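Step one of this worksheet: look at the structure below.
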Amino acid sequence: MLDEPASTTELARRLDVTPGAVSQHLRVLLEARLLNRARHGRMVLYARSALGDALCG
């Protein structure tokens, strides 16, 4: 789902789950260094890291 950067809200909408559930998963993936995050204005966007790409590819 993170071929392109996305916000917690966008991921929750795509997956039809709560933003809180997505946030919990994103935190674990960040701690495992599988994701990067960047602030864009008021939004935080998540994208796969190089390690995440290597594991998905």
Side-chain angles (χ1 to χ4, degrees):
M1 295 231 106
L2 286 174
D3 291 335
E4 297 292 326
S7 68
T8 302
T9 304
E10 175 62 21
L11 290 168
R13 186 191 61 74
R14 289 184 202 169
L15 295 166
D16 196 27
V17 297
T18 66
V22 171
S23 181
Q24 290 175 3
H25 285 83
L26 290 172
R27 182 172 31 88
V28 171
L29 294 169
L30 277 166
E31 289 173 5
R33 298 185 179 158
L34 298 174
L35 297 180
N36 296 315
R37 68 178 165 197
R39 182 166 290 280
H40 291 276
R42 294 179 56 193
M43 277 195 308
V44 176
L45 298 179
Y46 295 87
R48 280 194 309 258
S49 66
L51 177 59
D53 280 338
L55 292 173
C56 288

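Just the heavy atoms: all of them, side chains too, but no hydrogens, waters or symmetry mates, feed the values below. Since this is a predicted model, take the numbers as computed values, not measurements.
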Solution key, residues 15-44 side-chain donor-acceptor pairs under 3.5 Å, sequence neighbours excluded:
{"unit_1": "Thr18", "atom_1": "OG1", "unit_2": "Ala21", "atom_2": "N", "d": "3.1"}
{"unit_1": "His25", "atom_1": "ND1", "unit_2": "Ala21", "atom_2": "O", "d": "2.9"}

Task: Minimum heavy-atom distance between Arg14 and Met1, given as atom pair plus value - done: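 Smallest interatomic distance, heavy atoms only, reads NH1-O, 2.9 Å.
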Task: For Arg13, side-chain contact (heavy atoms from CB on, under 4.5 Å) partners two or more places apart - done: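 Result, side-chain contact (heavy atoms from CB on, under 4.5 Å) vs Arg13: Glu10.
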